[in-house]
Visitor: 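Structure incoming, see below.
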Amino acid sequence: MRKKVILITGANGEVGHGLIRALVQTGADLLVLDLRELEDSLRQHVKHTIVGDILDTDLMDRLATEYEIETIYHLAALLSTHSEFRPESAHRVNVQGTINLLQLAIDQASWRGQTVKFIFPSSVAAYGIADLATKQAADAVSESQFNSPITMYGCNKLYCEHLGRYYTQHYRQLAAQPEDHRVDFRSVRFPGLISALTVPSGGTSDYAPEMVHAAARGEAYECFVRPDTIMPFMVMPDAIRALLKLADAPRDHLTSTVYNVTSFSLTAEAIADLVRAQFPHAQIQYVPSPGRQKIVDSWPARLDDRAARQDWAWSPEYDARRAFEDYLFPTIRQQYGKRII
Ligand code: SER
């Protein structure tokens, strides 16, 4: 008999770690997939782990035959900075990988005779604002504005949002027998994410988490954007809550397949000030990298998340003060223990 599971791809990434911890509390049986072995502290809680590639279609077929997948959290992706070094590889992972998972969801839906939920983290990178003056003049940006991303990752995320909408609403619409059981794609556009437990790799919003973690480790940090650089952020517990809350929302309450979510917007200098107040010996210098600066400058300063608030009662638990004082600093201090200066 096939095993009933929730599938998480990219399980070894930052969001994956938080999501696994939250989902194991619910008693769900998890099937986790990543290119690397899941780290030991998490593996003991997870029923099924597979080391494999979302581009491996034989593996996708095997998953389809061995498991009954109710929900897919498709987290695997190459982030924005990494993607600019290998745009075509990024496209394969971010787009073809997503199509493979959508296909798996469609297969599962027909086999099971039930809709399969597909939860997809999209990103502030789906936006592209032409210049700083326009960014500064813009109010909080809604889902349909400035959809001209300047990175491969942003293009990939935006396109995958459309694929999700297509698979949910229009898949094989000319077939003689329309599909009854489909994919139910739901996506959040995340701002930059900051976790107290892990440091991201290959993103362009990484300066914020890197600055906090470097100070906690007693290491000097060279920030790769200007002090006045501003973008929206969210701490990991809120990001995980957003995914779970959207997954749980009744379908008929949803008016879209894509929702902005956000918590607080801060400049790099404001983050550095918070860090210095907590770690007085923190050494933070600004050495802007023109390429990465341009990317963050193209992202909105603020996101409008009213649709998520209205449709599925989204509301972050951590504003800037709580994020740093109640979550990041205490958890990071605990994590690095004696090594903190
Ligand atoms: N954190 C991501 C990145 O920087 C944006 O979603 O690539």
Side-chain angles (χ1 to χ4, degrees), residues 9-10 12-19 73-87 89-91 93-95 97-98 119-129 135 141 143 146-161 187-213 223-226 229-240 242-243 258-266 268 271 288-303 305 308 316 323 328:
T9 71
N12 236 339
E14 286 208 286
V15 178
H17 281 199
L19 186 64
Y73 289 87
H74 175 40
L75 312 179
L78 282 185
L79 292 183
S80 54
T81 293
H82 269 172
S83 294
E84 288 314 297
F85 288 104
R86 306 280 306 276
S89 306
H91 186 275
V93 174
N94 295 345
V95 175
T98 300
I119 312 301
F120 183 72
S122 185
S123 163
V124 66
Y127 295 103
I129 302 183
K135 172 169 173 163
V141 166
E143 286 83 350
F146 301 113
N147 292 149
S148 303
I150 68 163
T151 61
M152 178 54 100
Y153 173 74
C155 293
N156 295 162
K157 286 291 185 186
L158 188 60
Y159 177 57
C160 286
E161 292 174 3
S187 174
V188 280
R189 278 192 196 151
F190 277 136
L193 299 181
I194 315 179
S195 169
L197 302 174
T198 46
V199 189
S201 85
T204 317
S205 58
D206 294 6
Y207 61 91
E210 283 174 0
M211 198 185 284
V212 183
H213 283 263
C223 179
F224 57 81
V225 293
R226 293 183 319 266
T229 306
I230 185 163
M231 64 169 287
F233 287 100
M234 175 182 289
V235 286
M236 197 54 77
D238 271 338
I240 304 303
L243 290 176
V258 178
Y259 290 92
N260 279 346
V261 287
T262 190
S263 298
F264 52 87
S265 292
L266 290 177
I271 297 173
S289 136
R292 295 178 101 185
Q293 181 71 62
K294 190 171 157 200
I295 291 174
V296 186
D297 284 346
S298 78
W299 293 346
R302 276 166 292 277
L303 293 175
D305 62 0
L328 286 170

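Since the structure is predicted, the reported quantities are computational estimates derived from the model, not experimental observations. Ligands are counted one by one from 1 in listed order, and the atoms in each one are counted from 1 as well.
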Visitor: Can you check side chain to side chain contact (heavy atoms under 4.5 Å, CB included) on Asn260 and Tyr127, steps first, answer last?
Guide: CA-CA 11 Å; Asn260 279 346; Tyr127 295 103; 2.9 Å; yes
Visitor: Using only heavy-atom distances, determine whether the side chains of Glu161 and Ser122 contain a donor-acceptor pair under 3.5 Å.
Guide: yes
Visitor: Measuring from atom NZ of Lys135 to atom CD1 of Ile230, what distance do you get when rounded to the nearest 0.5 angstrom?
Guide: 7.5 Å
Visitor: Should we count CZ of Phe146 as having more than 12 external heavy atoms under 6.0 Å?
Guide: yes
Visitor: For a distance cut-off of 3.5 Å, show me each N or O of ligand 1 paired with any protein N or O, plus the separation.
Guide:
from: ligand 1; atom 1: 1 (N); to: Ser205; atom 2: OG; distance (Å): 2.8
from: ligand 1; atom 1: 4 (O); to: Ser80; atom 2: OG; distance (Å): 3.3
from: ligand 1; atom 1: 4 (O); to: Thr204; atom 2: N; distance (Å): 2.5
from: ligand 1; atom 1: 4 (O); to: Ser205; atom 2: N; distance (Å): 3.0
from: ligand 1; atom 1: 4 (O); to: Ser205; atom 2: OG; distance (Å): 3.4
from: ligand 1; atom 1: 6 (O); to: Ser123; atom 2: OG; distance (Å): 2.5
from: ligand 1; atom 1: 7 (O); to: Ser80; atom 2: N; distance (Å): 3.0
from: ligand 1; atom 1: 7 (O); to: Ser80; atom 2: OG; distance (Å): 2.5

Visitor: Drop me the distance from Asn94's CG to Ser83's OG, to the nearest 0.5 angstrom.
Guide: 5.0 Å
Visitor: Name all pairs fulfilling the salt bridge (Lys or Arg N to Asp or Glu O under 4.0 Å) condition that reach into residues 194-211, sequence neighbours left out, sorted by first residue then second.
Guide: none
